Novice: 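Quick one: this structure, given as structure tokens, is what I'll be asking you about.
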Amino acid sequence: MPSDILDRSFYLQDTLTCARGLIGKFLNRNLNGRIIRAVIYETEAYDGEEDLACHARAGKTKRTAIMYGERGFAYIYFTYGVHWMLNCVTGRPGHPAAVLIRAVMPTQGMDIIAKNRALIPQKHWTDGPAKLTKALAITGDMNGTDLCDSASPIFITQGFELPDNYVQATPRIGIDNTPEPWKSKPWRFIADLNHLRMAANRN
DNA sequence: TCTTCGATTGTCT
DNA sequence: GACAATCGAAGAA
């Protein structure tokens with residue numbers, strides 16, 4: 001299948017580089033043989049036990065073990081008793097880190113997403129980390145999926161190169177109780193949606 | 001075992 | 001803008 005799959009060496013890079021680099025890439029979901037594709041436009045980096053916003057701050061546990069494993073795999077966890085979150089394991093081996101996928105722009109398989117997000121305005125189908133997992137039917141049983149294998153239910157492929165002036169870095173969302181300096185680290189990356197739409201339309 | 005609280009969302013005012 | 005929903009992981013006891 002796609003020779004343009006994002007290969008494991010990508011995920012061995014520094015976690016911030018991965019978080020920035022994933023902006024503009026395609027998130028692919030194979031659902032019973034049908035592919036849903038969406039461009040990633042918002043991510044956050046969680047980097048190591050010393051990052052007090054990172055789940056691995058408590059060390060290696062059953063939940064975070066996947067972050068200590070091989071790079072390029074999915075770390076999917078459940079939160080608020082309701083929501084699934086999708087992350088990519090990144091960074092140097094032995095260093096627990098991951099990139100949270102916070103938002104995507106669907107480009108293929110819209111009919112499936114429409115069913116998964118019934119009654120929700122299209123604008124809000126995939127504009128949040130738990131919204132996109134619901135839209136793409138991603139749940140905890142896909143935890144540990146190899147994102148570098150096009151036979152996986154979830155995998156990531158090459159996308160658009162976005163110049164830095166269309167991608168801004170801001171503090172991460174929803175970590176109000178995390179102490180400084182972690183709370184203010186500009187480890188969230190978000191692309192200009194208008195620019196991304198134009199880039200997508202050119203292709 | 002018990003308590004706290006979360007990398008959020010959707011609804012209601 | 002405020003807040004309930006809803007449950008499992010982690011830390012305390």
Side-chain angles (χ1 to χ4, degrees), chain A residues 11 14-23 25 27 29 38 40-69 71-91 95-106 113-145 147 154 156 167-191 193:
Chain A
Y11 301 95
D14 169 84
T15 302
L16 288 182
T17 306
C18 291
R20 168 62 181 84
L22 282 169
I23 300 289
K25 300 290 191 290
L27 176 63
R29 170 79 169 102
I40 297 168
Y41 73 85
E42 185 178 340
T43 62
E44 279 177 3
Y46 290 88
D47 191 21
E49 294 178 351
E50 60 278 8
D51 173 7
L52 296 182
C54 181
H55 287 167
R57 63 184 176 274
K60 188 172 180 176
T61 64
K62 186 177 179 185
R63 182 207 209 182
T64 60
I66 189 84
M67 277 198 275
Y68 290 77
R71 320 289 96 175
F73 283 71
Y75 165 44
I76 301 173
Y77 69 90
F78 191 59
T79 192
Y80 289 100
V82 195
H83 304 301
W84 292 104
M85 305 281 170
L86 172 66
N87 300 253
C88 310
V89 175
T90 63
H95 179 77
V99 173
L100 171 69
I101 310 296
R102 284 192 61 85
V104 299
M105 181 181 81
I113 295 178
K115 284 179 195 158
N116 291 340
R117 299 288 286 151
L119 306 181
I120 308 285
Q122 181 164 354
K123 184 182 177 190
H124 298 300
W125 278 356
T126 55
D127 62 347
K131 297 182 188 181
L132 73 91
T133 57
K134 182 153 194 206
L136 304 201
I138 293 168
T139 58
D141 49 352
M142 281 159 250
N143 191 32
T145 293
L147 299 171
I154 313 168
I156 296 178
V167 179
Q168 63 176 306
T170 77
R172 294 170 289 182
I173 303 296
I175 56 167
D176 296 347
N177 290 339
T178 300
E180 297 290 2
W182 311 108
K183 186 173 168 179
S184 297
K185 296 255 185 209
W187 288 1
R188 168 176 177 247
F189 297 91
I190 179 163
L193 253 189

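Computed from a predicted model, the values in this text were never measured in an experiment. In what follows, chains are A, B, ... by sequence order, proteins preceding strands, each numbered from 1.
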Novice: Starting at atom CZ of A/Arg63, determine the distance to atom P of C/dA9, rounded to an integer number of angstrom.
Specialist: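 In whole Å, C/dA9 P lies 7 Å from A/Arg63 CZ.
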
Novice: Whole-Å distance between C/dA10 C1' and A/Lys62 NZ?
Specialist: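 Taking NZ of A/Lys62 and C1' of C/dA10, I get 13 Å after rounding.
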
Novice: So what does A/Ala130 hit on the nucleic acid, given a heavy-atom distance under 4.0 Å: a base, only sugar-phosphate, or nothing?
Specialist: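 Sugar-phosphate contact only.
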
Novice: Can you see which heavy atom on A/Ala137 is nearest to which on A/Arg29, and at what distance?
Specialist: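 Minimum heavy-atom separation between A/Ala137 and A/Arg29: O-NH2, 2.8 Å.
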
Novice: Calculate the interatomic distance between A/Met85 atom CE and C/dT6 atom P; express it in whole Å.
Specialist: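 Spelled out: CE on A/Met85 to P on C/dT6 is 16 Å.
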
Novice: Inspect the contact between A/Lys123 and A/Asp127 and indicate whether a charged nitrogen and a carboxylate oxygen are less than 4.0 angstrom apart.
Specialist: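 No.
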
Novice: Between the side chain of A/Thr90 and the main-chain N/O of A/Thr15, is any donor-acceptor distance below 3.5 Å?
Specialist: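 Checking the backbone N and O of A/Thr15 against the side chain of A/Thr90, no donor-acceptor pair under 3.5 Å is found.
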
Novice: Using atom types as modelled and distance alone, determine if a side-chain donor or acceptor of A/Arg71 lies under 3.5 Å from a backbone N or O of A/Tyr11.
Specialist: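 Checking the backbone N and O of A/Tyr11 against the side chain of A/Arg71, no donor-acceptor pair under 3.5 Å is found.
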
Novice: Students often get this wrong, so: under 4.0 angstrom with heavy atoms, is A/Asn177 touching a base, only sugar-phosphate, or nothing?
Specialist: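 Sugar-phosphate, no base atom in range.
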
Novice: With side-chain hydrogen bond (donor to acceptor under 3.5 Å, both in side chains) as the test, pick out the partner of A/Tyr68 among A/His95, A/Lys60, A/Glu49.
Specialist: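 Passing option: A/Glu49.
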
Novice: Is the side chain of A/Arg102 donor-acceptor paired with the backbone N or O of A/Ile190 at a distance under 3.5 Å, no angle test?
Specialist: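 Judged by distance alone, no pair lies under 3.5 Å.
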
Novice: Can you tell me how far the CZ atom of A/Arg188 sits from the CZ atom of A/Arg172, to the nearest 0.5 Å?
Specialist: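 So the CZ of A/Arg188 and the CZ of A/Arg172 are separated by 12.0 Å.
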
Novice: Counting the atoms with a prime plus P, OP1 and OP2 as sugar-phosphate, which does A/Thr178 contact under 4.0 Å by heavy atoms, base, sugar-phosphate, or nothing?
Specialist: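 A/Thr178: no heavy atom of the nucleic acid under 4.0 Å.
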
Novice: Need two values: the first and the last nucleotide of DNA chain B, 5' to 3', having an atom under 4.0 Å from any heavy-atom of chain A.
Specialist: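 Going 5' to 3' along DNA chain B, contacts run B/dG6 to B/dG10.
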
Novice: By nearest heavy atom, map A/His124 and A/Val99 onto DNA chain B; which one lands nearer the 5' end?
Specialist: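 Taking each residue's closest nucleotide, the earlier one in sequence belongs to A/Val99.
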
Novice: For A/Gly48 versus A/Cys54, what's the shortest heavy-atom pair and its separation?
Specialist: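 Taking A/Gly48 first and A/Cys54 second, the nearest heavy atoms are O-CB, 3.6 Å.
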
Novice: Rounding to an integer number of angstrom, what distance separates B/dC5 and C/dC3 when you compare their C1' atoms?
Specialist: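 Between the two C1' atoms, the distance is 16 Å.
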
Novice: Over how many whole Å does the gap from A/Asp176 atom CG to C/dA2 atom P extend?
Specialist: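 Distance, rounded to whole Å: 13 Å.
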
Novice: With heavy atoms under 4.0 Å as the rule, sort A/Lys131 into base, sugar-phosphate or nothing.
Specialist: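 Sugar-phosphate contact only.
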
Novice: Only one of A/Tyr46, A/Tyr77, A/Phe78 forms a ring pair (Phe, Tyr, Trp, His ring centres under 6.0 Å) with A/His55, so which one is it?
Specialist: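 Only one of A/Tyr46, A/Tyr77, A/Phe78 forms a ring pair (Phe, Tyr, Trp, His ring centres under 6.0 Å) with A/His55, namely A/Tyr77.
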
Novice: What nucleic acid atoms does A/Arg117 come within less than 4.0 Å of, heavy atoms only: base, sugar-phosphate, or nothing?
Specialist: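 Counting heavy atoms under 4.0 Å across all strands, the contact made by A/Arg117 is with sugar-phosphate only.
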
Novice: Please report, rounded to the nearest Å, how far the P atom of C/dA10 is from the NZ atom of A/Lys60.
Specialist: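 It is 13 Å, rounded to the nearest whole Å.
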
Novice: Given Watson-Crick or G-U pairs with both distances under 3.5 Å, what dot-bracket string fits DNA chain B, with | for other-strand pairs and [ ] for crossing?
Specialist: ||||||.|||||.

Novice: Which whole-number value in Å describes the distance from A/His83 NE2 to C/dG8 P?
Specialist: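 Going from NE2 in A/His83 over to P in C/dG8 covers 14 Å.
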
